[in-house]
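Here's the structure we're looking at; comments come further down.
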Amino acid sequence: MRISKKCRYGLRALIDLSANSEKEHIVLGNIAERNGISPQYLEQVFASLRRAGIVKGIKGSQGGYRLNINPKELTVSTILEALDGSYQIEEEEMPEDSHGRGISVSIQTLLIDQVNEQLEQALKSVTLDDLRKSYLDYKAYNQDMYYI
């Protein structure tokens with residue numbers, strides 16, 4: 001499984017948004033600049049996030065974006081599905097003959113189903129709040145570092 005660039009940028013932007021938008025709306029251009037993402041591409045990412053109800057956009061001079069879902073309740077699996085659809089490995093194609101079918105069933109049940117189950121469990125266990133906290137911890141730790 002590969003996490004697409006759209007999903008990576010979406011995750012980065014949502015971590016940034018959740019870390020910086022506690023009291024105000026954040027302008028998309030600021031998120032793009034802080035994260036080195038093209039503003040035009042990020043607008044496409046946020047269009048998907050808006051359609052999924054993850055973020056809310058406000059137009060006007062005081063406009064920008066805010067999260068529409070509590071970061072503690074927003075899982076990585078929900079974000080990835082909003083941006084790219086299903087993230088699971090496709091099911092094995094079943095051949096007509098019994099020999100080939102037996103091999104395909106083995107691959108499906110012992111490999112694909114197992115990987116998909118573990119992947120789902122991992123992505124549903126991590127929330128945007130977990131990612132935000134990890135980012136803020138990293139940021140605080142690196143600001144306190146003193147180099148000679």
Side-chain angles (χ1 to χ4, degrees), residues 1-59 63-143:
M1 181 202 141
R2 298 185 76 205
I3 297 177
S4 70
K5 187 173 275 193
K6 183 178 183 180
C7 287
R8 289 177 191 269
Y9 286 172
L11 286 169
R12 281 187 200 174
L14 287 173
I15 293 167
D16 185 295
L17 184 64
S18 69
N20 293 302
S21 70
E22 292 181 18
K23 295 180 180 158
E24 62 205 38
H25 291 83
I26 303 297
V27 177
L28 201 60
N30 293 346
I31 296 171
E33 185 178 321
R34 282 192 295 265
N35 291 280
I37 303 170
S38 159
Q40 294 82 8
Y41 189 75
L42 198 55
E43 183 58 51
Q44 293 174 15
V45 171
F46 268 65
S48 296
L49 295 172
R50 270 193 320 269
R51 280 191 298 275
I54 293 173
V55 297
K56 184 175 183 178
I58 304 294
K59 294 181 181 183
Y65 286 92
R66 290 195 75 163
L67 288 172
N68 202 33
I69 299 175
N70 184 327
K72 292 178 181 178
E73 298 170 5
L74 182 56
T75 65
V76 171
S77 68
T78 300
I79 296 166
L80 297 184
E81 285 177 354
L83 293 171
D84 267 352
S86 177
Y87 50 79
Q88 298 209 328
I89 298 171
E90 292 179 3
E91 290 193 8
E92 182 72 4
E93 289 186 30
M94 297 295 169
E96 296 295 321
D97 66 275
S98 63
H99 177 74
R101 189 170 186 77
I103 291 172
S104 292
V105 167
S106 298
I107 292 170
Q108 181 67 44
T109 58
L110 294 176
L111 180 63
I112 296 173
D113 289 348
Q114 296 286 328
V115 170
N116 282 340
E117 186 177 314
Q118 294 295 318
L119 180 60
E120 178 133 354
Q121 188 176 14
L123 295 178
K124 284 188 173 186
S125 71
V126 179
T127 66
L128 181 58
D129 192 54
D130 297 329
L131 295 171
R132 181 189 64 83
K133 286 177 183 175
S134 177
Y135 161 68
L136 292 174
D137 289 347
Y138 176 84
K139 186 176 166 185
Y141 176 76
N142 282 334
Q143 285 180 351

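In this chain, residues are counted from 1 in sequence order.
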How about Leu123 and Thr75: do any of their side-chain heavy atoms sit closer than 4.5 Å? no
Using the test salt bridge (Lys or Arg N to Asp or Glu O under 4.0 Å), find all partners of Arg132 that sit at least two apart in sequence or belong to another chain. Asp129
Under a 3.5 Å cutoff, is there a donor and acceptor pairing between the side chains of Ser86 and Gln88? no
Atom OG in Ser125, atom CG in Asp130: separation rounded to 0.5 Å? 8.0 Å
Between atom OG1 of Thr127 and atom NZ of Lys133, what is the distance when rounded to the nearest 0.5 Å? 7.5 Å
Under the 3.5 angstrom rule, does the side chain of Thr78 hit a backbone N or O of Leu74 as a donor-acceptor pair? no
Ser104 side chain to Arg101 side chain, donor-acceptor N/O pair below 3.5 angstrom: no
Sidechain-backbone polar pair: Gln108 side chain, Glu92 backbone, donor-acceptor under 3.5 Å: yes
Do Ile26 and Arg34 come within less than 4.5 Å of each other through their side chains, counting heavy atoms only? yes
Under the side chain to side chain donor-acceptor pair (under 3.5 Å) rule, collect the residues that match up with Asn116, sequence neighbours excluded. none
Residue pair Leu80 / Leu11, side-chain heavy-atom distance below 4.5 Å: yes
Mind checking whether Leu17 and Phe46 have side chains closer than 4.5 Å, heavy atoms only? yes
Holding to salt bridge (Lys or Arg N to Asp or Glu O under 4.0 Å), I want the full list of residues that pass it with Lys5, two or more places apart in sequence or in another chain. none
So, Lys124 side chain and Ser77 main chain: donor-acceptor pair closer than 3.5 Å or not? no
State, with a plain yes or no, whether a side-chain heavy atom of Leu128 is found less than 4.5 Å away from one of Ile54. no
